[in-house]
Trainee: 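Pasting in a structure now, in structure tokens, and then I'll have a few things to ask.
Only a predicted model underlies this, so the values are computations on that prediction, with no experimental measurement involved. Per chain, numbering begins at 1; letters A, B, ... match sequence-line order.
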Amino acid sequence: MTAESQKNERYNAREAEARWQKAWDSQAIFATKNDDPRPKYYVLEMFPYPSGRIHMGHVRNYTMGDVVARFKRAMGHSVLHPMGWDAFGMPAENAAIDRKVHPKEWTYANIAAMKKQLQSMGLSLDWAREVATCDPSYYKHQQRMFLDFLKAGLVKREYRKVNWDPVDQTVLANEQVIDGRGWRSGAVVEQRDLYQWVFKISDYSEELLSALDTLDRWPEKVRLMQKNWIGRSEGLLVRFMLDTATTPNEETELEIFTTRPDTLFGAKFMAIAPDHPLAQAAAAKDAKLAAFIEECKRIGTSQEAIDTAEKMGFDTGIRALHPFDANWKLPVYVANFILMDYGTGAIFGCPAHDQRDLDFVNKYGLGNTPVVCPEGQDPATFVVTDVAYDGDGRMINSRFLDGMSIAQAKEEVAKRLENSFLPPLGKGRSAAEGRRVGISGDDRSPPQPSPFQGEGAQAPAQASNNAPVAQRQVNYRLRDWGISRQRYWGCPIPVIHCEKCGVVPAPLADLPVKLPDDVTFDKPGNPLDRHPTWKNVKCPRCSGAARRETDTMDTFVDSSWYFARFTDPWNEASPTTPAVANRWLPVDQYIGGIEHAILHLLYSRFFTRAMKKTGHLNIDEPFAGLFTQGMVVHETYRTQKGEWVEPANVKIETVGEARRATLAATGEPVEIGSIEKMSKSKKNTVDPDDIIAAYGADTARWFMLSDSPPDRDVIWTEEGVQGAWRFVQRLWRLIGEIGTVEAPTERPAQFSEAALAIRKAAHKALANVSDDIGKLRFNRCVAHIYECANALSDGIGAVESAPSPDLAWALRESGDILVRLFHPMMPHLAEECWAALGHKTLVATEAWPALEAALLVEDTITLPVQINGRKRADVTVPRDAGKADIEAAVLALDTVQKALDGKSPKKVIVVPQRIVNVVA
RNA sequence: GCGGACGUGGCGGAAUGGUAGACGCAACGGACUUAAAAUCCGUUGGGAGUAAUCCCGUCUGGGUUCGAGUCCCAGCGUCCGCACCA
């Protein structure tokens, strides 16, 4: 083909892409061997839920991963780049209910459809390692690990509050409860206590927190979100004696948690959660209190109510004794803002230094006494009215703490209370039975003097051999991970309940505990629960009548270890082959959405630790590098009637600066709305299939990488796609023309100025793209490739007007470089161009071009010259010119002479290779 | 409320404290064409000037520096996360 004839032709992306995909496939070039001795690189994108169709977010995510995979391969790594399916979950069951399709059938059909779509993108995936979490060959190992975790003490059963939908007879996740009603049934959601299987992630709170510091290739934002989620706080557990004359069942004490023990002398009240045992006990004898507690529970469901709820309390009549003064009695309130889940579910309130407590006392007229005085304030006049003071300062109104700093006061209180003692709790008399932590009461140091000593106060009941009044404690916000779901389409929890033997693990030989296929969804509730032949089994231990656990696992469990399974998905005996997993892991680059910043990533980090403990792998962290990509967003359109319109049905015209939209079919005017995340409800989606059919996968891939930094949202526009498509065509023509240039096979000894310019442009692009791909700055890679292509276009012009062997050789060399540079982003086009340049190999298996660093160094450099910080001139000097030479050259410039007006400069700053600044 | 990020042409965005606006999109002018599309060439932050040139300009106001889009302080605005966590 001649250059002339190719100019008039077009690159047929559709035909070429299918052809090259077939070529890659037939040579299995993306299949990765576990015994490959080259340095390993594991790149992984978050695997998709098989909804049935990929969306543009997938295109962006998987393109980024593919660029990294192809680049690392060219750099000589053995690259693991697998793909699978997060295939369990509710949509399959919804489809079963709505459309009478079996979840399994629906899921596998979706997988087949989506796989085809992904394959049309030309991703360099090792499909031989494909896994689907709903497949028994996958969840079998998950069940095995559940049993291993159970044995290792990482799993427990716990009575927990859950959102219960009485119509659908199922537990709802928090996000499925909308305004206190079930999202599907619309029924008012109840709080129910159910036995739940729980992974003890909180055993690792400290470890998961401190190890965040080692994740230096994670976004700071994600680490911070996890840190806040884990929510470490240091404080003191303090036992307050109760006035038994006021307690319902002669309870003797109330244990609280505080991070501000320094403010103990500012205490005005105690508050306990509505579901605190002491509140329950008091409510049993006080109908008004019981009614108040009911009221709190009702408000407690919807998020909005919690946001706006006023502080409410109810005085139980119970009185607590101040730990430093038994004569100081504090009222015990039940309050709606106290959480049973955190600390001990009880607090002491110091209104002057805590806004919530201040709001509370202001409502109930309990007053406040400031005990911390800000520096520079007169303690005699310092008062708090509406805004609590939580800053630094000196202790006041606090007896023996007066004058201390907050830190000193905290330490002093802790020391005194740790070393004073109260009788150990009598059974059944604790105000917070079961919520006390770590106070054993025995084998402790001998009794110490009471803290009341020397304060002139009377001590409450003294006893020897007692437990300390207070104990330092670290608290975490992170709660254990409840994994029980009352659903069919999930991994069965492999245990059996026997009346005699209790909870019995399913024998390993019986794994997988398979989901039965013969289920119906015509009735609400979990089909497993009403499947007698599946549910009723013999106890493996006593052979008596028993029943299977009918709950299945949270789908976050499935995705907490898939990255490990990919390392050896062929192992039928175990979840992993530890030696193989340890070699591949951690994932070097993980790419996915920010929406998984907390749960998925935290669960996976926990799972990695649990798998290490149970011998399935031996690494510390699953993901060494994490990248969170932005969303794909699009303009919205709606008719004057307010109906949303798909972009495909809208015609946009530009009249001068203004853009006008009409309905393509009828010409009816359409309003252009805000740019938002692509969503079905606003119909502002673009179907990847349509784009690939119209422009090809390379165009879609290129556009997804252009312009916007990859961690930010990218706006999908028709103009943008067309720009990308034009560039695809332009590259094809450009390389086609270079392919027809007659060039010597031997490298010329000398290069003309024009040839050197081309070579410099190509090698500069090579250096820049190499650097930017490694840092995932794809938008900058795109810019460098544009620049390189522009330079080569100029080169074509030069060789046409004045052909010469060195110029021709430089063009061929630069063409070879350019094709390999854009190959990771547009692999099909790159293969087509590689062939056009006369190569017989696949560019996908080619090495990354070698950089000739000498070409990046100029013989002379042009430095900007500033006068008083403003650029006024340029000066060109030899590369190795000394500071004095540069200064002399600068001072000789006309512009500088004029500015100095005969005077000598105050100062001349020469920054080598950078800039010169003359201070006049 | 707490925590975090960000703020640059008409738009998306470049810019180790060192020439602000790379690269792309859009727009405008021109070439080719019977015409259009495609393609190619050129212009494009604002203002003044015939011109060389000059002045202004990175949300606002201060500061540090020879030099600030970049660092510090205060304010305004947008976005995100958590949300009564004691």
Trainee: Whom does B:U78 pair with, Watson-Crick or G-U wobble, provided both distances fall under 3.5 Å?
Mentor: B:A5
Trainee: Within the 4.0 Å heavy-atom criterion, would you say A:D359 contacts the bases, only the backbone, or no part of the nucleic acid?
Mentor: nothing
Trainee: Rounding to an integer number of angstrom, what distance separates B:U65 and B:C56 when you compare their C1' atoms?
Mentor: 22 Å
Trainee: What's touching nucleotides 66-68 of chain B from the protein side, N or O pairs under 3.5 Å?
Mentor:
| unit_1 | atom_1 | unit_2 | atom_2 | d |
| --- | --- | --- | --- | --- |
| B:C66 | O2' | A:N917 | ND2 | 3.3 |
| B:C66 | O2 | A:N917 | ND2 | 2.6 |

Trainee: Contact class for A:I338 (heavy atom, under 4.0 Å): base, sugar-phosphate, or nothing?
Mentor: base
Trainee: Report yes or no: do A:R605 and A:Q226 form a side-chain donor-acceptor pair below 3.5 Å?
Mentor: yes
Trainee: Can you check whether A:Y786 has a side-chain N or O nearer than 4.0 Å to OP1 or OP2 of B:G24?
Mentor: no
Trainee: Run the numbers on A:F269 and A:F348 for ring pair (Phe, Tyr, Trp, His ring centres under 6.0 Å), then give the verdict.
Mentor: CA-CA 6 Å; A:F269 66 97; A:F348 81 82; 8.9 Å; no
Trainee: Using the P atom on both, measure B:A35 against B:G69 and round to a whole Å.
Mentor: 50 Å
Trainee: Would you mind reading off the distance between A:D386 atom CG and B:G1 atom C1', rounded to a whole angstrom?
Mentor: 15 Å
Trainee: A:S706 near the nucleic acid: base, sugar-phosphate alone, or nothing, with a heavy-atom cut-off under 4.0 Å?
Mentor: nothing
Trainee: It should be established whether A:S233 places a side-chain nitrogen or oxygen under 4.0 Å from OP1 or OP2 of nucleotide B:A86.
Mentor: yes
Trainee: Base, sugar-phosphate or nothing for A:R872? Non-hydrogen atoms, less than 4.0 Å.
Mentor: sugar-phosphate
Trainee: May I ask you to verify whether the side chain of A:K311 and the base of B:C84 hold a donor-acceptor pair under 3.5 Å?
Mentor: yes
Trainee: For B:U39, give the paired nucleotide (Watson-Crick: N1-N3 plus N6-O4 or O6-N4; G-U: N1-O2 and O6-N3; both under 3.5 Å), or none.
Mentor: B:A31
Trainee: Considering just the side-chain nitrogens and oxygens of A:N779, establish if one lies under 4.0 Å of OP1 or OP2 belonging to B:A14.
Mentor: yes
Trainee: Does the salt bridge (Lys or Arg N to Asp or Glu O under 4.0 Å) test come out yes or no for A:K775 and A:D771, once each step is laid out?
Mentor: CA-CA 7 Å; A:K775 292 172 180 159; A:D771 187 38; 3.2 Å; yes
Trainee: OP1, OP2 of B:C25 versus side-chain N and O of A:R726: anything below 4.0 Å?
Mentor: yes
Trainee: When rounded to the nearest 0.5 angstrom, what distance separates NZ in A:K677 from CE in A:M56?
Mentor: 15.0 Å
Trainee: Once you round it to whole Å, what is the distance between P of B:U39 and CG of A:N790?
Mentor: 14 Å
Trainee: Taking atom CD1 of A:I272 and atom OG1 of A:T344, what is their separation to the nearest 0.5 Å?
Mentor: 10.0 Å
Trainee: At 4.0 Å (heavy atoms only), tell me whether A:D357 reaches a base, stays on the sugar-phosphate, or touches nothing.
Mentor: nothing
Trainee: Quick check on B:A38: is either OP1 or OP2 less than 4.0 Å from any side-chain nitrogen or oxygen of A:R10?
Mentor: no
Trainee: Side chains of A:T876 and A:T860 only: does a donor on one sit below 3.5 Å from an acceptor on the other?
Mentor: no
Trainee: At less than 4.0 Å, is any side-chain N or O atom of A:R477 found next to OP1 or OP2 of B:A83? Yes or no.
Mentor: yes
Trainee: Using the purine O4'-C1'-N9-C4 or pyrimidine O4'-C1'-N1-C2 torsion, is B:G9 syn (within 90° of 0) or anti?
Mentor: syn
Trainee: Do the ring planes of A:F360 and A:Y364 sit parallel (below 30°), tilted (30 to 60°) or perpendicular (above 60°)?
Mentor: tilted
Trainee: Look through every strand shown and name the nucleotide pairing with B:G12 as Watson-Crick or G-U wobble, where both distances are under 3.5 Å.
Mentor: B:C23
Trainee: Hey, what do you get for CG (A:L330) to CE (A:M270), rounding to the nearest 0.5 Å?
Mentor: 6.5 Å
